[in-house]
Participant: 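Here it is: the structure, laid out below.
Basis for what follows: all heavy atoms, side chains included, without hydrogens, waters or symmetry-related copies. A note on names: the letters A, B, ... follow the listed sequences, proteins ahead of strands, and every chain is numbered from 1.
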Protein chains: 2
Amino acid sequence: MPMVTEWQSFGPQPKGPPKDDADAAARKERKVKCSAMAKRLADEFNKKEWSEKKITKELDSLVAELEAGGGDALAGGATIETLEPPSGTRDFYPEEYRVQSWLFDQFHETARMFGFSQYDAPVLEHVRLYERKAGEEITGQMYAFTDQEGARVTLRPEMTPTLARMVLNKTNLQTGDVRVPLPLKWYSIPQCWRFETTQRGRKREHYQWNMDVVGVEHVHAELELLAAAVSFFERVGITSKEVGIKVNSRAVLEAILAKHGIEKGSKNDKGEDIFAKACVIIDKLDKIGAEAVTCMLGEDVDVKPEAAADILQSLEAKSIDELANQLGDAGKDNPAINDVKRLFELAVDYGISDYLVLDASVVRGLAYYTGIVWEAFDRRGQLRAIMGGGRYDRLLELYGGAKCQIPCVGFGFGDCVIMELLKECNKLPDLSTGFLDYVVCAYSPELYGAASKVAAGLRKTGKSVDLMPTPKKKVANSFKHADVTGAQRMVFVAPSEIEKGVVRVKDLRTKDKNGEAIQVDCPLDQLDKLDEMMAQAAEKSS
Amino acid sequence: MPMVTEWQSFGPQPKGPPKDDADAAARKERKVKCSAMAKRLADEFNKKEWSEKKITKELDSLVAELEAGGGDALAGGATIETLEPPSGTRDFYPEEYRVQSWLFDQFHETARMFGFSQYDAPVLEHVRLYERKAGEEITGQMYAFTDQEGARVTLRPEMTPTLARMVLNKTNLQTGDVRVPLPLKWYSIPQCWRFETTQRGRKREHYQWNMDVVGVEHVHAELELLAAAVSFFERVGITSKEVGIKVNSRAVLEAILAKHGIEKGSKNDKGEDIFAKACVIIDKLDKIGAEAVTCMLGEDVDVKPEAAADILQSLEAKSIDELANQLGDAGKDNPAINDVKRLFELAVDYGISDYLVLDASVVRGLAYYTGIVWEAFDRRGQLRAIMGGGRYDRLLELYGGAKCQIPCVGFGFGDCVIMELLKECNKLPDLSTGFLDYVVCAYSPELYGAASKVAAGLRKTGKSVDLMPTPKKKVANSFKHADVTGAQRMVFVAPSEIEKGVVRVKDLRTKDKNGEAIQVDCPLDQLDKLDEMMAQAAEKSS
């Protein structure tokens, strides 16, 4: 359940679209690239493999690159544009991907603990899948096109319609019976796309953790999802001091709006559902302010200014009881109010109530929500919504027909905002080493065969092993290679040891208690006992 | 390094494109869907949650669905097309995704053991990235389109140009110096796309495990990659009896063709590199036969029939020495021949030589290969190539200019053919249970809060826990729910136990030696010791 408005760039700003015919644009692009390169050099300045001489050399050629300027072509016909990914998209270099992959692992692990199963679907979908939902901005922002056979397809803007489609493919549309046992607890981490021309520097893709429960009609489903989100926050060290989750109910909002004649299901003269329309307008409250909302409510759904003022007052209610009171008779024994109450009560047992706050103005932008809705926010108020979700009990009916009244709840959790927050809170782990156990180095090309045997032996024990591709006689070169890879241990395959049937293994990162290097000569047929031997060696010397 | 020709559908055949205006097509689609549904029912017939009554009911409504026929719309305006993914693409339901994810894990784990780092890039790329390579069919099969801003983009047909682009973004194009320490050992599992109108029932997307080594000019890079592929095969239980890897060298082929005037770098009158062109033609040998190859060599690269016959004879050489002999003087001390020799020698130390065979006719379809090339095949000869790879030392130069002579080797390993092979060899693991540790069931809605506390406690210990959303007083219903989820253990939260401060925990899958159920009453504050308690209980009763 994504909100395209949540997307926000992090890391290097994506650039505008390339223009084939504009030299000026090409020059500008080059400048951007060059300053990025300068930044990178500065970042790398502190790494030991970058000597001052090397950096000076780099900077000199950078200057030359800049001065060359002029035409579109770089050396040998390459253009900078050719080397960049499309506008608003991200490359993930290994260092960056390690962080991304760590984030995904937290999503996966949380989903696993809550008993959710992963699913996946093509990034390409039919445009008509998104045209069924009225009143949303998402269809106008799709990365859509017509393919060579005339099919109108799009890079998916969000995952929920795909989920609905997949569930309905397992449903008898005549009876509404789902052919797999309910409830379904499914999750996915799809890449979602939008096309947006107006604002530069915003991304066109993001990844979004989607968790959905299909087939549960009461708040226990919402609670499981909220608990999963909180469990994720706790895993990554984000406490309720840093984030909160605003909770509201569309059904409560329904009662508020019904008071003023905005009935669910009624259409305006454009044939749009006026309740859904009103929700979309109220969702903009934070951004456009009360005046503009009053104005839009008047124009689009025919609400008088006094009624709009009353609605806006209700939206400021700070507790569910206050809201119930404002509704008068409609608030008594109102099932929607009771649902919200029960949710807040059970949240205590779940141990998640520190994170939850009632906020009657939360609507979420998507028209398909029908019940409880929520969004996670940073308490400092600096970032966009971290996650958004809610109940959408009518979406499957919309796609599958009247019999398919299958209740659903879910949330979408983008990768960008949480990554910003994790950086701000200094909660990203150091992933720069620790992913390689061994580097195996041969002393000479003649010993490369023996080294490859050692590498194969260590890999058979499950260790991650880099085999230095080009044997170097100078041991210093081997150490340098081992150091750059970040490996924990180095195995040196040299003539004198091999003659004795052993290899020398050295720990590159840890020393024993006396500050001495830990090393052993390991017999070639005992590579599987290397961990114990190294541990003993560390013990002995101390 | 993908070969679109390797793509092959598995699982349900994808269907042709939807046609908005054709009733007949809609009816056909419905039939396909219905028979798929019938098949699914048959598959599910053996599962106990499918009573005979339920199946009969399903079949009846299936028949009704078929008889309804006619129009495009199903109940409530849904069309089957809306519910299907775009032509030639796959949905992955959790059961299917579990298998896919298992396969990806084997890729990840192999890459990790060989010290490769994962990277990623957008599925969307600029079309011009693929237009730099001559003589290939891939550009004609791209899933390409022009976006709203006029940018010519495509769903990536393969990953190698993206890798080249990313490496060059870290390269000083003026000097050819790469700003990160070489060699790079990078891998990725991208989804790759093609658009193909002619043949129905073929897929338009597949996933492809890409492993590449950048910056190593000698065969040690090829060996590491081949060893990684073999290590993967061994992991999944595919021996050298089932698969082999045909190895050849483009450089050897160069020598063969040079004998007959096809010099690398020469262009034909269309401006195409004649060597690359000849490679593409020879690559078709298996499919189109010797006669057609002779004909095409004549037409496209001006080779006389006698010369073609000599070339074809060389391609049948069964050993590297035989090949060297055929080349005469050009075969003596030929570095390309020596490379292949050294590769086969070192393969013995690596322990992978059982898998390798020389095959001088292997070219691989991509024009950018320059040295050793290979492809994995099933020994029974039933399937398309399982994996293909090779050395492409000139590709970065093509994109980045004359200074960027950075040697590269890599392979692409599609998900489809290996999946077929694993199924055939019965090597797919049973993943239908074992992913859920606990189901927690509340006896009544009043106890749901207590149950949620228990679930939260178990999840804190890292266990995967499903909390039954709707409390059922009948214990049988709870057991049924627990059984359907495949959980190992069930926790029952009932009034009499909760009063004593315990919950009853039962093992659903294992019995003790006497065939008795294993169960314990676990104090609420000792959920973290449950594993030990269950082990003791199993012990005690035996």
Participant: Are the side chains of Met113(B) and Ser231(B) in touch, meaning some heavy atoms are under 4.5 Å apart?
Facilitator: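 Yes - at least one pair of side-chain heavy atoms lies under 4.5 Å apart.
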
Participant: Pick whichever of His220(B), Gln191(B), Glu109(B) has the most heavy-atom pairs under 4.5 Å with chain A.
Facilitator: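 Of the candidates given, the most pairs with chain A belong to His220(B).
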
Participant: Looking at chain B, which one of Gly115(A), Gly449(A), Ala456(A), Ala227(A) has the largest number of heavy-atom pairs inside 4.5 Å, strictly under?
Facilitator: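 Top option by heavy-atom pairs under 4.5 Å: Gly449(A).
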
Participant: Out of Tyr119(B), Phe114(B), Trp186(B), which one racks up the most heavy-atom pairs below 4.5 Å with chain A?
Facilitator: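 If we count pairs closer than 4.5 Å to chain A, Phe114(B) comes out on top.
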
Participant: Between the side chains of Arg204(A) and Ser87(A), is a donor N or O closer than 3.5 angstrom to an acceptor N or O?
Facilitator: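 No, no side-chain donor-acceptor pair sits under 3.5 Å.
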
Participant: Just so I understand: if I count every heavy-atom pair under 4.5 Å between each of Cys404(B), Ala450(B), Ala121(B), Pro122(B) and chain A, which residue has the most?
Facilitator: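 Heavy-atom pairs under 4.5 Å are most numerous for Pro122(B).
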
Participant: For the candidates Ser101(A), Ala221(A), Gly462(A), Gly215(A), which exhibits the highest count of non-hydrogen atom pairs separated by less than 4.5 Å from chain B?
Facilitator: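 Top option by heavy-atom pairs under 4.5 Å: Gly462(A).
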
Participant: Using side-chain heavy atoms (C-beta onward) and a distance below 4.5 Å, is Val454(A) in contact with Tyr438(A)?
Facilitator: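 When only atoms from C-beta onward are counted, Tyr438(A) and Val454(A) do not touch, as no gap falls below 4.5 Å.
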
Participant: In terms of heavy-atom proximity below 4.5 Å to chain B, should Ala451(A) be classed as side chain, backbone, both, or neither?
Facilitator: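 Interface part for Ala451(A): neither.
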
Participant: Can you tell which of Thr470(A), Val213(A), Val167(A) has the highest number of heavy-atom pairs within less than 4.5 Å of chain B?
Facilitator: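 It is Thr470(A).
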
Participant: Need one label for Arg152(B): side chain, backbone, both or neither, based on atoms under 4.5 Å from any heavy atom in chain A.
Facilitator: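 Neither part.
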
Participant: Output yes when a side-chain donor or acceptor of Thr154(B) lies under 3.5 Å from a complementary backbone atom of Val127(B), and no otherwise.
Facilitator: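 No, Thr154(B) side chain to Val127(B) backbone: no donor-acceptor pair under 3.5 Å.
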
Participant: Side chains of Val153(A) and Phe145(B): does their closest heavy-atom pair fall under 4.5 Å?
Facilitator: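 With C-beta onward as the side chain, the pair stays apart.
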
Participant: Contact part of Leu436(A) toward chain B, heavy-atom cut-off under 4.5 Å: side chain, backbone, both or neither?
Facilitator: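 Only the side chain of Leu436(A) comes within 4.5 Å of chain B.
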
Participant: If I measure from the heavy atoms of chain A, does Lys463(B) come under 4.5 Å with its side chain, its backbone, both, or neither?
Facilitator: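 Only the backbone of Lys463(B) comes within 4.5 Å of chain A.
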
Participant: Do the side chains of Glu96(B) and Arg90(B) get close enough for a salt bridge, i.e. N-O under 4.0 angstrom?
Facilitator: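 Salt bridge flag = no for Arg90(B) with Glu96(B).
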
Participant: Given the options Arg98(B), Lys453(B), Gln118(B), which has more heavy-atom pairs under 4.5 Å with chain A than any of the others?
Facilitator: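 Greatest number of close heavy-atom pairs with chain A: Gln118(B).
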
Participant: With chain B, which of Ala487(A), Pro469(A), Gly351(A) has the greatest number of heavy-atom pairs at distances under 4.5 Å?
Facilitator: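 Going by pairs under 4.5 Å, I would pick Pro469(A).
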
Participant: Less than 4.5 Å to any heavy atom of chain A: does that hold for the side chain of Ala347(B), its backbone, both, or neither?
Facilitator: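 Contact with chain A is absent: no heavy atom of Ala347(B) under 4.5 Å.
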
Participant: Side chain, backbone, both or neither: which part of Glu224(B) has an atom under 4.5 Å from a heavy atom of chain A?
Facilitator: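 The side chain, not the backbone.
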
Participant: Within 45° of the six-membered ring axis of Phe435(B) and under 6.0 Å from that ring's centre, is NZ or CZ of Arg112(A) located there?
Facilitator: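 Not flagged: Arg112(A) not positioned over aromatic ring of Phe435(B).
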
Participant: What part of Val465(A) gets within 4.5 angstrom of chain B, counting heavy atoms only: side chain, backbone, both, or neither?
Facilitator: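 Both parts, backbone and side chain.
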
Participant: With a 4.5 angstrom heavy-atom cut-off, is it the side chain or the backbone of Pro183(B) that approaches chain A, or both, or neither?
Facilitator: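 Interface part for Pro183(B): side chain.
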
Participant: Centroid separation under 6.0 Å, is that true for the rings of Phe116(B) and Tyr187(B)?
Facilitator: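 Ring-ring flag for Tyr187(B)/Phe116(B): false, centres at least 6.0 Å apart.
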
Participant: Answer whether the closest heavy-atom distance between the side chains of Glu149(B) and Phe195(A) falls below 4.5 Å.
Facilitator: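 Touching, per the 4.5 Å side-chain cut-off.
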
Participant: Among Val439(B), Val216(B), Asp349(B), who wins on heavy-atom pairs under 4.5 Å with chain A?
Facilitator: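 Looking at each option in turn, the highest pair count goes to Asp349(B).
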
Participant: Quick one: does Leu447(A)'s side chain get under 4.5 Å of Pro471(A)'s, heavy atoms only?
Facilitator: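 When only atoms from C-beta onward are counted, Pro471(A) and Leu447(A) do not touch, as no gap falls below 4.5 Å.
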
Participant: For the candidates His218(A), Met166(A), Glu217(A), which exhibits the highest count of non-hydrogen atom pairs separated by less than 4.5 Å from chain B?
Facilitator: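 Looking at each of His218(A), Met166(A), Glu217(A) in turn, Met166(A) comes out on top.
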
Participant: Answer yes or no: is there an ion pair linking Glu95(B) with Lys170(A), defined by an N-O contact shorter than 4.0 Å?
Facilitator: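 Answer for the salt bridge query: no.
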
Participant: So for Leu155(A), is it side chain, backbone, both, or neither that comes closer than 4.5 Å to the heavy atoms of chain B?
Facilitator: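 Only the side chain of Leu155(A) comes within 4.5 Å of chain B.
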
Participant: According to the interplanar angle, ranging from 0 to 90°, do the rings of Tyr448(A) and Tyr350(B) count as parallel (below 30°), tilted (30 to 60°) or perpendicular (above 60°)?
Facilitator: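 If you compare the ring of Tyr448(A) with that of Tyr350(B), the planes turn out tilted.
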
Participant: Please state whether the side chain, the backbone, both or neither of Leu458(B) comes within less than 4.5 Å of a heavy atom of chain A.
Facilitator: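 Answer is neither: Leu458(B) stays 4.5 Å or more from chain A.
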
